[in-house]
Amino acid sequence: MKEVILLKNGEIALKGLNRHAFEDRLIKNARRKLMSVGSFHFRKAQSTIYVEPDEEGYDLDEAVDRLQKVFGIAALTRACVIDKDFELIKKTAAEYLKDELENEATFKVEAKRSDKSFPLKSPEICAGVGEYLLEQFPHLEVDVHNPDIVVMVEVRDYAAYVHGSQIKGAGGIPVGTGGKAMLLISGGIDSPVAGYMMAKRGLEISAIHFVSPPYTSERAKQKVIDLAHKMCSYCGRIKMYIVPFTEIQEAIRDQCPEDLFTIIMRRYMMKIACRVARQNECEALVTGESVGQVASQTIQAIACTDEACDMPVLRPVIGMDKDEIVIISRKIDTFETSILPYEDCCTVFTPKHPRTKPQLKFVKFAEDEMNAEELINRAIENIEQLNISNS
Ligand code: ATP
Ligand code: MG
């Protein structure tokens, strides 16, 4: 039996004139995801994208698994492709969905007919297929409101398709249709989730990570690279920038009041992230901050961090509780890596009593003692760049 995968667009359908650009991007992202599974042909029609394998024998379960992580797809399913012959359609429905029909108690048939020359109308297709399935599987009952399985028959221009219930896709809009953003990624739970959430809204994600050797280890850095790897299943390729931060942290320790260490350090992170973002065509920063989680995430501290950069800072988890963030991090498979106990530069030289309501004028006064421009330039000159992908 010849099989294809059908992708149903979600919000893309609402995008009016941009719709083609969204669909093309979705296809490009999906094609890249399937590269290591096989060679596929993509065809758009109505609000469906047909993914047709160029050869038989590809692992379609693996393909579906990968496509389930492509943003812009609301639902998807494997389907059987056949000629538009009603007898054949009925037989195929019984054969192709045999296992499910044998194991479920109730079903209903739905039909879509975009080929208006097909002799039967949709309600007639449903009635005919339903009747045939009841003969073949006498234990089944029809339930039009809440069936265990929906048998779907689509009669299209090229062929007829038969499939069972669809599975849920990743939702959102295709990565890359909303521009680029720079994620400040730490080894924690929150920032990978923040990156995932903004990728879901169509942003292509680059990532910046600050390291402070010898206070932070090679293993801690590798953990963050591993996290970025995991994010790739949803975000696609990620350009990653590793910034040496030791000199700046030591300068802060030597020259600033202890209670302002953290906030000044965070302002340096933002300044550097902003410049690297701009050099690489990113138009916003993304962080995993959540109000009230730690001293540097009070609203007053956030006001001070925001002032250090001049592009929008997106904080998708800002109003979420930790347990809500954890649910997403488990779903995207970053949780187990995030909880590995390696150090982060944020915890180097942490003050005993960080100021929770820092005032910008005192922060700036303290910073004036430092040679910021020179420190920042040197850190940026020594950035290590990595291309992360998992295809
Ligand atoms: P968790 O709270 O679970 O540790 P987290 O590390 O993401 O998660 P914080 O340490 O509170 O949270 O840091 C707040 C945000 O600052 C992070 O979400 C991340 O965006 C950014 N950040 C922290 N440390 C770094 C780092 N070493 N490099 C880049 N960004 C960082
Ligand atoms: Mg952290």
Side-chain angles (χ1 to χ4, degrees), residues 181-199 205-213 215-225 227-228 230-231 238-246 248-249 252 261-277 282 284-299 301-302 304-306 308-309 312-330 332 334-350 354 356 379-380 383-384 386:
M182 182 69 77
L183 168 69
L184 284 92
I185 187 169
S186 70
I189 296 169
D190 307 331
S191 42
V193 170
Y196 157 85
M197 288 174 76
M198 294 324 303
I205 301 292
S206 295
I208 188 164
H209 177 61
F210 296 85
V211 292
S212 287
Y215 307 103
T216 62
S217 64
E218 200 52 36
R219 281 192 317 182
K221 172 177 146 188
Q222 187 57 45
K223 168 185 167 178
V224 179
I225 296 172
L227 283 172
K230 299 234 165 191
M231 290 176 63
I238 295 179
K239 271 195 196 151
M240 190 162 178
Y241 304 88
I242 312 269
V243 187
F245 208 43
T246 318
I248 291 178
Q249 287 201 281
I252 296 172
F261 279 4
T262 312
I263 191 68
I264 292 175
M265 179 201 69
R266 294 201 58 80
R267 281 169 56 84
Y268 270 92
M269 281 187 175
M270 296 309 249
K271 283 181 192 165
I272 292 172
C274 218
R275 284 202 206 173
V276 178
C282 294
L285 302 182
V286 179
T287 78
E289 290 161 298
S290 154
V291 166
Q293 200 185 78
V294 287
S296 61
Q297 293 173 28
T298 63
I299 210 77
I302 287 175
C304 289
T305 12
D306 263 357
C309 63
V313 181
L314 309 177
R315 299 179 168 95
V317 305
I318 194 76
M320 289 169 72
D321 291 349
K322 196 74 181 186
D323 51 359
E324 294 169 322
I325 302 173
V326 165
I327 290 173
I328 302 179
S329 96
R330 284 189 194 278
I332 63 173
T334 51
F335 182 74
E336 296 300 330
T337 308
S338 289
I339 58 173
L340 295 172
Y342 303 137
E343 64 294 331
D344 183 77
C345 71
C346 272
T347 49
V348 173
F349 314 137
T350 15
T356 52
I380 292 180
I383 279 180
E384 178 191 357
L386 304 170

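Values in this document were obtained by computation on a predicted structure and should not be read as measured data. What's counted below: heavy atoms across the whole structure, side chains too, no hydrogens, waters or symmetry copies. When a ligand or atom number is given, it counts from 1 through the structure's own listing order.
Of the N or O atoms in I208, none lie within a sub-3.5 Å distance of an N or O in ligand 1. The shortest N or O to N or O distance between G187 and ligand 1 is not under 3.5 Å. By the 3.5 Å distance cut-off applied to N or O atoms, L184 is counted among the residues near ligand 1. At least one N or O atom of S186 sits closer than 3.5 Å to an N or O atom of ligand 1. Taking only nitrogen or oxygen atoms, main chain and side chain alike, V286 does not reach within less than 3.5 Å of ligand 1.
Proximity of K322 to ligand 1, defined as any heavy-atom pair under 4.0 Å, is confined to the side chain (atoms from C-beta onward). Proximity of D344 to ligand 1, defined as any heavy-atom pair under 4.0 Å, is confined to the side chain (atoms from C-beta onward).
Donor-acceptor pairing under 3.5 Å is recorded for the side chains of E343 and S217. For the 3.5 Å distance criterion, the side chains of T356 and T298 fail to qualify, holding no donor opposite an acceptor.
Heavy atoms from other residues, nucleotides or ligands lying under 6.0 Å from NZ of K239 number 12 at most.
Atom CD1 in I242 sits 5.5 Å away from atom NZ in K221 (nearest 0.5 Å).
The aromatic ring centroids of Y215 and F349 lie less than 6.0 Å from each other.
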- Task: Kindly indicate, with the supporting measurements, whether the criterion salt bridge (Lys or Arg N to Asp or Glu O under 4.0 Å) is fulfilled by D306 and R315.
- Result: CA-CA 11 Å; D306 263 357; R315 299 179 168 95; 3.0 Å; yes
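Every atom of ligand 1 with a heavy atom of G288 under 4.0 Å away is listed here by number and element: 17 (C), 18 (O), 20 (O).
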